[in-house]
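We use all heavy atoms of the structure for the numbers below, so side chains are in, but hydrogens, waters and symmetry mates are not. Proteins get letters first, then strands, A, B, ... in listed order; numbering begins at 1 in each.
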Number of protein chains: 2
Amino acid sequence: MEKRAKHPVRTTEKSLTLIDELNRRGGARITTLADELSMGKSAIHNHLSTLEEHGFVVKNGNTYELSLRFLDIGGQLRSEMDVYRVAEPQVEALAEESGELVHFVVEEGGEGVYLCRAKGERAVDLDTYVGCRHPMHSSAFGKAILSHLPDQRVEEIIDRHGLPSVTPKTITSRDELYDTLERTRERGFAVDDEERLEGLRCIAAPIRFDSEVIGAISISAPTARIDDDWAENEFVEQLRRTANVIELNKYKV
Amino acid sequence: MEKRAKHPVRTTEKSLTLIDELNRRGGARITTLADELSMGKSAIHNHLSTLEEHGFVVKNGNTYELSLRFLDIGGQLRSEMDVYRVAEPQVEALAEESGELVHFVVEEGGEGVYLCRAKGERAVDLDTYVGCRHPMHSSAFGKAILSHLPDQRVEEIIDRHGLPSVTPKTITSRDELYDTLERTRERGFAVDDEERLEGLRCIAAPIRFDSEVIGAISISAPTARIDDDWAENEFVEQLRRTANVIELNKYKV
DNA sequence: AGACAAATTCTCACATGGAGAACAGATCAT
DNA sequence: ATGATCTGTTCTCCATGTGAGAATTTGTCT
């Protein structure tokens, strides 16, 4: 999975580095990039012109930026996913019903990727965006998914990404994680008690198809609005129902 | 704008060609790609491994696919655009109010890029997705934007993309286009009468900031639900109001 | 198991990427 | 305006890295 390329194409790597850097900075000029990446100006110019000619980069005056071509490709990938098409309207509905912030997430490369996001009436304002990635172990959706993945996959993911802590409550040991996953499996839903952001609690339910997890939906709300005895929360029932609808509709596709 | 790179980086071009091809096919195996693009298998393997190592490609068994990394980058670009953040809630509201399909679009590289999409109660089911691109001359949003772009920009765009026809009613001559843009400017809104899809009509209003167009919002509905005397349509007023709210809120950012 | 198909690795000749310098174009201060 | 200065673009040539093709490994089907 995380194998290193035996014969990496260095030129391509340079282009990708430039893309990364433009992404990080939200656009930059040639001189800046040359200084930062210690490459020659001409090299950078050649790469950026090539990327521009192919529509991956746009030039505004003297600064180069990544183009919306990325959104095109990404949006196309998403719209071609059956799960997404089935989940999208249900996420909207759940946001309306619960009034909170609802996400639909899938796993890729050991991280969670947000595919939909819908805000209810009193939803909190998180800085998530469609497409953004988040570690699995420090989120409710991540634990919902992990709890139904074979142990070997879970190991791979931990090996690859570690268990970085984001808040004081983040799970940082394998044993603790496996315990939590065990409890998650029993309960059928996962929780995040300020493990990714202080003041925020989340509840998530896995979405399964042919006995494989294909994603998870989650509700996020301020700690004050999610009671201490999680299981009795109305959100749990709403999530369960929504997850179920998605699973059933998925079979019809 | 559409300058050709004087010193294209051929290796990067090969990688980009592979990305295009994977995008077109929605994933492919090495042998297929080698046959299709007449490149050696080892070359393809090297490129794909490199792209995989950097997270732009994922391997499922023997088939390689583009990764959701593209959605990540694209989503980030979008979420960092002030217009988007301001327009998004208004698009939702307009969809609810009108009951139809509402889009928010910006121009990039001479094409329209859909940034938001919201469906009202009885919205038609178009195959647009967030990030998808559409020619400017054969859509209401495109004409709304073109009508406020300097003539020279319009010329550039026509030179670059031509005026391909999509339906029998698509505008295909420069004169006709300029006439329509003139009328669009006078009226303050643009229309599309089955010019991009038979049976579909759209109305669009430009969104301006500091006397520059920065995008457009549009309502799409079946021909039957948009009356022949466009200006008296309730959608026109709704669009005007929404466009205005977006423009005003944009100043606060 | 055996046979077949596909991906992966290896090696080396030669295409090509990029450093550095020269040039052109923009921006700014005087 | 005029020149100074900064930044982007073009040019040239040699060290580098790419990729064809064969060899090997891995995986799949009968």
S.K.: If only side-chain N and O atoms of B:Ser49 are considered, is one of them under 4.0 Å from the OP1 or OP2 phosphate oxygen of C:dT8?
M.R.: no
S.K.: Is the distance between the ring centroids of B:Tyr114 and B:Tyr129 under 6.0 Å?
M.R.: no
S.K.: Taking side chain to side chain contact (heavy atoms under 4.5 Å, CB included) as the definition, give me every residue that meets it alongside A:Glu36, ordered by chain and number, with sequence neighbours left out.
M.R.: A:Glu21, A:Arg25
S.K.: Please list, in numerical order, the residues of residues 23-31 of chain A that have a heavy atom closer than 4.0 Å to any atom of DNA chain C.
M.R.: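 Within this stretch, nothing sits under 4.0 Å of the strand.
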S.K.: Looking at D:dT9, C:dG18, D:dG8, which one has an atom nearest to any side-chain atom of A:Tyr64?
M.R.: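 For the A:Tyr64 side chain, the nearest candidate turns out to be D:dT9.
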S.K.: The side chain of B:Lys41 lies closest to which of these nucleotides: D:dG17, C:dT8, D:dG8?
M.R.: C:dT8
S.K.: Among residues 15-22 of chain B, which residues get a heavy atom nearer than 4.0 Å to DNA chain C?
M.R.: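 Those residues: none at all.
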S.K.: A:Ala43 has a side chain; which of C:dT9, C:dA19, C:dA6 sits nearest to it?
M.R.: C:dA19
S.K.: Check the distance between D:dG8's C1' and B:His7's NE2 and give it to me in whole angstrom.
M.R.: 13 Å
S.K.: Between B:Phe209 and B:Tyr251, what is the ring plane arrangement, given parallel below 30°, perpendicular above 60°, and tilted in between?
M.R.: tilted
S.K.: Using only heavy-atom distances, determine whether the side chains of B:His134 and B:Ser139 contain a donor-acceptor pair under 3.5 Å.
M.R.: no
S.K.: What is the separation between atom NE2 on A:His45 and atom C1' on D:dT10, rounded to the nearest whole Å?
M.R.: 8 Å
S.K.: What is the distance from CG of B:Asn62 to C1' of D:dT28, rounded to the nearest Å?
M.R.: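 Answer to the nearest Å: 10 Å.
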S.K.: If each of A:Thr63 and A:Thr12 is mapped to the nucleotide of DNA chain D with the nearest heavy atom, which maps nearer the 5' terminus, i.e. the 5' end?
M.R.: A:Thr63
S.K.: Mind calculating the distance between NZ (B:Lys14) and P (D:dG17) to the nearest angstrom?
M.R.: 15 Å
S.K.: Just how far, in rounded Å, is P of D:dG8 from CE of A:Met39?
M.R.: 14 Å
S.K.: Determine whether a donor-acceptor pair (one donor, one acceptor, N or O, separation below 3.5 Å) exists between the side chain of B:Ser42 and the base of D:dG21.
M.R.: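 Checked by distance alone, the answer is yes.
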S.K.: As a quick check of understanding, evaluate side chain to side chain donor-acceptor pair (under 3.5 Å) for B:His103 and B:Thr128, giving each step before the final call.
M.R.: CA-CA 9 Å; B:His103 284 117; B:Thr128 57; 2.9 Å; yes
S.K.: Check the distance between C:dG17's C1' and B:Arg10's CZ and give it to me in whole angstrom.
M.R.: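 So the two atoms are 11 Å apart, to the nearest Å.
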S.K.: Give the C-alpha distance, both sets of side-chain angles, the deciding distance and a yes or no for ring pair (Phe, Tyr, Trp, His ring centres under 6.0 Å) between B:Phe104 and B:Tyr84.
M.R.: CA-CA 8 Å; B:Phe104 170 64; B:Tyr84 166 71; 7.6 Å; no
